[in-house]
Amino acid sequence: MTAKPTFHPPARWSAPGVVPSVLYVGFVAFFAWSLSRAGISISELISGIPAMGVIASEMVPPATDRFMPMLNSVLVTFQMALVGAVVGVVLSFPIAVLAARNLSPHPVVYNVTRAVVSFMRTVPDLAWALFFVASVGLGPFAGTLALIVDTIGFCGRFFAESMEEVDPGPSEALTAMGAGRLDIVACAVVPAATPGLTNAALFSLEKAVRSSVVLGLVGAGGIGAELAVSMEMFRYDQAATIVLMIFVLVLGVERFSAWARSRLLDSVSPAL
Amino acid sequence: MPTSSATDRVRVLRPQDTDTTALAGETHKASSPQAFDGPARRPNAQTALSVTGLRKSYNGRTEVLKGIDFAIDDGEAVGIIGANGSGKSTALRCALRLIEPSAGSIHLGGLNITGFHGKDLRRARSRIGFVFQKHNLSPNLSVLTNVVHGGLARGHGIRAWSQAFAGAEERRRAMDCLDQVGLADLAERRAGRLSGGQSQRVAIARALMQEPVMIVADEPVASLDPKAGEDVMDLFRQLRVDRGITLVFVSHNLEHALSYSDRLIGLRQGSLVLDRPTAGLEPQQLAWLYETEATA
């Protein structure tokens, strides 16, 4: 009769290898260097506190003398964001099909599309706004174009990833019955990816609203231009009004987005 | 041609063997499926599906199918059995070229589809209803829309994308198909909210929407409880009777395989080792198909 082998539990922690250890130390050293290069200065922060107090006190009460023009600018900002996001989402859809590994017709198409989408995403929206202001002139059109490109960069990637993550079963079932590629995308992939697509589209709207505020700072239309002028004219009371309007706009869009997300994802449409 | 040592000592049940008590322990030298004297096929029957020398290997090394041959006649019910990893599902998928075989030829309804691509291949598949173990419905769409998708087989395009776009005749046909599987009252329900048995019935209704000449089912009851499994198999039997549909199904349930098929095909480690009529067979006589190589 052989003795029953004794098994010991494995170690609670395993020591990191040489390469992870070097990476950890390297990260800590780089972070320390970054702190020094970021210009962090406690003394300057402390000396700036009185100026902050002055500006804050001048913001109260917020000015209402230009309320209607400001409200109009906020509306333009939202309209830029809405058009930019919706057009961007619509254009993202076919791009995402080409950029999804399981749907792209050829690896070359997949790689090229992914590269284009990555380029659109990695160039900051402010840089796109500067480019379009220089191309089509000052105003909301330049901002809207920047938002479209930025949305494609964002949604193109996340739509493609949502499409890649769907259960391949329904697609296989339609393939087995002889359905075409477009039919499979429409009937199997999109319905399964709908939660991911909805999330990405609504988040892109929130993102576009936040971006559209900043784009005005470089002349691409919207409330950002009003904010820049108020700050340059030391009209902090007007700036406070604008900041409050932006806060209400962004909060409203986020609340709407959350409501729409739950409605869209939980509801069952008998039409489909 | 299978060449591995595994095939050198497999036990082959031949169709003309009638002394079933002798089969269970009988060992034959068999180097290939051609060692069979030939399965019992009906005289003058038209061949619905045949494969010859079907091989599938991954990375040129892992050989899942080692050159199998079989033919299935119109109107026949054939069960495919074998242990996990024996190549049953791969054989079915290769036969419809959902997986590309490494070698071999495939004839579907008299057409050699081995070299078919694009529209030709889609057209060839259009009259084959494939029912999967996991039913593979679109869970976020309604039951009726999932059934309407069966119209994609006949190239209905956007009109088959949703019941909302479908024509009146297609909608009526889809409801008829649902009625045949007993689920017409669930047409508006979201497919993801059905039970496993209901989902499989909807998948069969979707296959019926194709007006199939053959239904190929890959372990259609493996994820169902026994009662739901019986119901689904009874439904297949009824469809054969009513429509004369050819049925090919993979099953791990030997009772089902014996009860619902005219003929059994057995695979073992990628080789075809059994092809004979079901009549007279008992489950215990097929146990050797599931034995490990060391004990076989």
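Lettering follows sequence order; numbering is per chain, from 1.
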(request) Could you look at A/L182 and say if it's the side chain, the backbone, both or neither that has a heavy atom under 4.5 Å from chain B? (result) both

(request) Could you tell me whether A/K207 atom NZ has more than 12 heavy atoms of other residues or ligands within 6.0 Å of it? (result) yes

(request) Over all heavy atoms of both residues, which pair between A/P191 and B/N140 is shortest? Give the atoms and the distance, please. (result) O-ND2, 2.7 Å

(request) Please flag which part of B/R127 lies under 4.5 Å from any non-hydrogen atom of chain A: side chain, backbone, both or neither. (result) neither

(message) With a strict 4.5 Å heavy-atom criterion, list every residue of residues 165-180 of chain A that contacts chain B, or say none.
(response) A/D167, A/G169, A/P170, A/E172, A/A173, A/L174, A/T175, A/A176, A/M177, A/G178, A/A179, A/G180

(message) At under 4.5 Å between heavy atoms, what parts of residues 98-126 of chain A are in contact with chain B? List them by residue number.
(response) none

(request) Could you grab the distance from atom SG of A/C187 to atom CG of B/L141, nearest 0.5 Å is fine? (result) 7.5 Å

